[in-house]
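The structure appears below as structure tokens.
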There are 4 protein chains.
Amino acid sequence: MTEIEFGAGLWNFATYLDRYATDGYGEPRSTLAQIDLAARVGDIRWVDLNFPFTDGVTLDDVKAKLAETGIKAIGITPDIYLREHMKGAFTNPDPAKRASAMTRMNDAANVVRELGAKYVKIWPGQDGFDYPFQVDYKELNRLAVEGMRELASGHPDLKFVIEYKPREPRTHMYWGSAAKTILGIQQMGVDNVGVLLDFGHALFGGEAPAESAQLLIDHGLLWGMDVNDNYRGWDDDMMVGSIHMVEIFEYFHVLKKNGWEGVWNLDQFPFREDAVENARLSIRFLKAVHRALDLLDEDALAAAQAKQDALGAQKVVQEALLQSMAGQ
Amino acid sequence: MTEIEFGAGLWNFATYLDRYATDGYGEPRSTLAQIDLAARVGDIRWVDLNFPFTDGVTLDDVKAKLAETGIKAIGITPDIYLREHMKGAFTNPDPAKRASAMTRMNDAANVVRELGAKYVKIWPGQDGFDYPFQVDYKELNRLAVEGMRELASGHPDLKFVIEYKPREPRTHMYWGSAAKTILGIQQMGVDNVGVLLDFGHALFGGEAPAESAQLLIDHGLLWGMDVNDNYRGWDDDMMVGSIHMVEIFEYFHVLKKNGWEGVWNLDQFPFREDAVENARLSIRFLKAVHRALDLLDEDALAAAQAKQDALGAQKVVQEALLQSMAGQ
Amino acid sequence: MTEIEFGAGLWNFATYLDRYATDGYGEPRSTLAQIDLAARVGDIRWVDLNFPFTDGVTLDDVKAKLAETGIKAIGITPDIYLREHMKGAFTNPDPAKRASAMTRMNDAANVVRELGAKYVKIWPGQDGFDYPFQVDYKELNRLAVEGMRELASGHPDLKFVIEYKPREPRTHMYWGSAAKTILGIQQMGVDNVGVLLDFGHALFGGEAPAESAQLLIDHGLLWGMDVNDNYRGWDDDMMVGSIHMVEIFEYFHVLKKNGWEGVWNLDQFPFREDAVENARLSIRFLKAVHRALDLLDEDALAAAQAKQDALGAQKVVQEALLQSMAGQ
Amino acid sequence: MTEIEFGAGLWNFATYLDRYATDGYGEPRSTLAQIDLAARVGDIRWVDLNFPFTDGVTLDDVKAKLAETGIKAIGITPDIYLREHMKGAFTNPDPAKRASAMTRMNDAANVVRELGAKYVKIWPGQDGFDYPFQVDYKELNRLAVEGMRELASGHPDLKFVIEYKPREPRTHMYWGSAAKTILGIQQMGVDNVGVLLDFGHALFGGEAPAESAQLLIDHGLLWGMDVNDNYRGWDDDMMVGSIHMVEIFEYFHVLKKNGWEGVWNLDQFPFREDAVENARLSIRFLKAVHRALDLLDEDALAAAQAKQDALGAQKVVQEALLQSMAGQ
């Protein structure tokens, strides 16, 4: 059994608000306080940090806190989905807004360098549209692809990952599926842009997450991943394994089979839950999944898959998964 | 052609935030500024007001502003979905939180009296659950029903309407469908609780909104309604008619057929749009629907429906709807 | 650990066709051959039989086969969704079609008497509508309720259960949700009509199946149930536990907590799978669920639910479920 | 106003069955009878024919009937989704089944030559999977792509179009989205495979159909299209315009803007409706859409889209659409 490394988006340890609870589900927490909470979980070795940091927190502060806690930065996620870019970052119709988004992302790239992180994570949640007839799709595509190309070309020493999602906060996000994101990256013609696959986004988008993982791996583009869970109709960012035990197990099985070695990264929004306990339980479940991978009768599974035998596959899967906590 | 009266939830004229654009899609607006915007639309005669009003705005201020603009209060919607009640208002596991929600709603009831509004609107968005096994459903039901009974019983001179919705911000709202809400109201055994039917909530919940309207009317419980639109998978609160032209037309046809006379109330969240223009276009569309109702060949439709003849019905419907703007 | 009794809709052992594979996913099987397959599973004690039986099979044949295999009839499901009733059974606009459906159901009632089954199961899959404006909802409701009242009143010695489902083959089924079905049964004013809750139908309809079970129990109407699984967007009738392990576990927990004692009945369509193996694996999983119910720390769960503590509940649930096959 | 040419899948004029109404929604109709019905519609110039033809109908019969009615073959759709290929055509785990599917498709290619049709339409509805863990995704991809390459390479004089769809009859179809299909076609490395875009499949798959049209056009792959409507959750194949008037209008607007000139092809399943009337009403609506395209203020729309102004766009769209039947 190989070791897994666990990580988390730092926002797992923030507090949240939404369009109803406008005063927030808790007191705001600083970037440093969030890192402290991440450290309290006990298994988290990596964090993906929102940038800019919360008010008054400097890069040196963050460096010091990471050093203190022994946590490393896996990625930096620039905030390009706030009011300034509510009509888009790359695809904003206003060139000045596109420019300010580019500045923000260039700054984030520098932080990646400073912290020695693995990637700049681009999640352009406001890039897309809401209504039929609102946009010229050809132009939207041009802006999305050219902007990303410009960004990546400016930092050939760094890696960028796009995190796709079908929708929210837009009713339609431009980078909406695994396959469409691959097509866009091809159009860019650069070699330092890949994909961060969020299990829940794939599920929400009607994809089989394990199939999307294989597709991205086959295109050499699976450069990062996040896990969580949801009810398929929305990006609920719930505790991993709380709903889709079998499909998350299959997802990790595909990663293992392909020799994919990367951080198992949490992306959850515990609106009303304790953030540390939420992460701990998630990791406890992921460890059970990891054990189940070792319990899995790979030969029997391969034999079933060769015949596309759904029942044969279910049998070995249930045997492994449903005893993954025995003796723990 | 009878006159229609238009109204709007005052939040149509607010600004919004969500879990990503945490700095909001615009500068906050006071209750008074929101009423001014409602007045600028030109056709809005009624507003449903969030309570408490925004900081520093008194009841007298609101009375004066309503008098100045000639707009009346149709309802008051107490804020029982903020941080204080993030785990529920009626169904919060903490009795102190339930008590503070009750106080808030009793205060709202007094404002209804003061403003001569038609109803206290109860939207308990945080009453429900997120995860499997999180709640004891029997207990959840008890709390939801007993709390509402207590509230309504305390104000026998007033009307209360429950606005159901399948989910958001909870993954499962307790008052989640038309039929379940009727069952709950029956259990209460009071006669001053009815339903506010939001067209988009019914659509989102997999209901045929026109069928839900009929169901509520047949139970004597359709006491208010809101209109908007969405893509069925979420409560997008988009401009009415932007997606579901035929189904909104059917919805108003059912209301007309039953002699339902009430305010045509907007419930839309123009996150990135101009609030006044959003309301104006919505009302323009609703007037087209109103004309289409008069253009509709009712005899032909009734004949088609007697045979459950889908094509015959579509024919007369398209004829009416697709010429509803001619000559305007 | 109490004994569970397993059953199955006999159609679990049929072959199927659909609108594409019009020549069927296998050779047709007679009612008797289906019972033989059910018997081969080894744990099935009850079957729900489609009526009429397949060509040439008599009631005496069925009696003999049941006696031979030691299987009992739990219910009879009259075919009221074939070509003759493609526009509805109870709600067909043609009185002659309604009459022929009634005859078919009365005949099924007699078979229930003859076989000593527990109920006549009514699944009016063609009762509903497809298009907006196609039906007068008030009239649809009248026909659905009056027809069911007439049927049930004619057989006061028998029990009838309605199996609701949101859609398919209609885009909208009249008996579409747990709550709406309860309302319809209330309107009937009879005491021999209850509900058969299909886990997958509830899931497909956006209900939390465990909550629907509690709702039906609280109304004294949960008289039967079926289990299976799906991806929430359709009634896929897949192997139970293949997708929603946690929610099916919660469902059975609610049944146990309420002292509900009835048959655990399979309702699956193994289009491309071996029917016997499909049932065996399903039952194997259900036995694991049953063990998990005994492993569950009920006190800890109750304590978590009293606080609506999602994480606390998940913890004890995962501990029980994820070791339910250890040592088996 | 340019002329439009209308066509229809010949199955619009067939009768259907499904897993419940196993005796079918009407008496079976021969290929020739279906062509006669298509001719009765009055506007249909093209048909896409299922192959093999119904029992006893020869190619010469079909040629004669087409000549008699003045209707041309736009495409041939080989039946590769019947019992023989219930586990897949290209991706069937059994090489013998893959071979028989290939034979069937080669035969269809010859019919395309004989009839001078525009394309062989490939709809591999059984290629995919149903359960998690059932298939090795890499192998599924290999079989799907290599098989299609082999087929197309064998007929360099012909065009092939793949019709993608997210699911049904499989819970997951391999060719499931526009973008994924483009990726697969790229992998084939042939130049005679394109895409047939079905409006309803795109909608069902969570795509904005107009955006998918633009994406396919930009890749030079939009070689055919079908229209219909649905409720987004399933491929209901309803009358075009019955639900999504605005989005179908946008779809045709994108086609027009790109100078796409091809047949407006119906793909509808009037299970319980009159097939001829169903097609007539659909074409009547499509003609209204065509008029609306001419009524549309293109400059105002372009100005709105340049600003991504949803409201401005809605305004001109509603003006055009809602008077498209005036004076007709």
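As the structure is a computational prediction, the values presented were derived from the model and not from experiment. Proteins come first, then strands; the chains are lettered A, B, ... in the order of their sequence lines, and each starts at number 1.
- In this structure, a donor-acceptor pair under 3.5 Å is absent between the side chains of C:Y131 and B:E250.
- C:F249 touches chain B through backbone and side chain together, each having a heavy atom under 4.5 Å away.
- Heavy-atom distances place the side chain of C:V254, and not its backbone, under 4.5 Å from chain B.
- Across every non-hydrogen atom of C:A208 and B:Y137, the tightest pair is CB-OH, 4.4 Å.
- Heavy atoms closer than 4.5 Å to chain C are found in the side chain of B:L301, but not in its backbone.
- With a 6.0 Å radius and a threshold of 12 heavy atoms from other residues, nucleotides or ligands, C:Q186 has its CD atom above the threshold.
- Put simply, of C:E139, C:H172, C:K87, C:Q314, the one with the most heavy-atom pairs under 4.5 Å next to chain B is C:Q314.
- Heavy-atom distances place no part of B:L311 under 4.5 Å from chain C, backbone and side chain included.
- Contacts of C:D309 with chain B are made by backbone atoms alone, with heavy-atom separations under 4.5 Å and no side-chain atom involved.
- Between B:V135 and C:Q305, the shortest heavy-atom distance links the atoms O-NE2, 3.4 Å.
- Considering every non-hydrogen atom in both B:A306 and C:P93, the closest pair reads O-CB, 3.6 Å.
- In this structure, the side chain of C:Q308 does not engage the main chain of B:Q134 through any donor-acceptor pair within 3.5 Å.
- A side-chain hydrogen bond (donor to acceptor under 3.5 Å, both in side chains) check over residues 199-216 of chain B, counting only residues at least two apart or in different chains, returns the pairs B:Y164-B:E207, B:H201-B:D235, B:E207-B:S212, B:E211-C:K180, B:Q214-B:D218, B:Q214-B:N258.
- Looking at C:V246, both its backbone and its side chain come within 4.5 Å of chain B, counting heavy atoms on both sides.
- With a 4.5 angstrom heavy-atom cutoff, C:F133 touches chain B via backbone and side-chain atoms both.
- Interface remark: C:I217 contributes no atoms to any contact with chain B (heavy atom separation under 4.5 Å).
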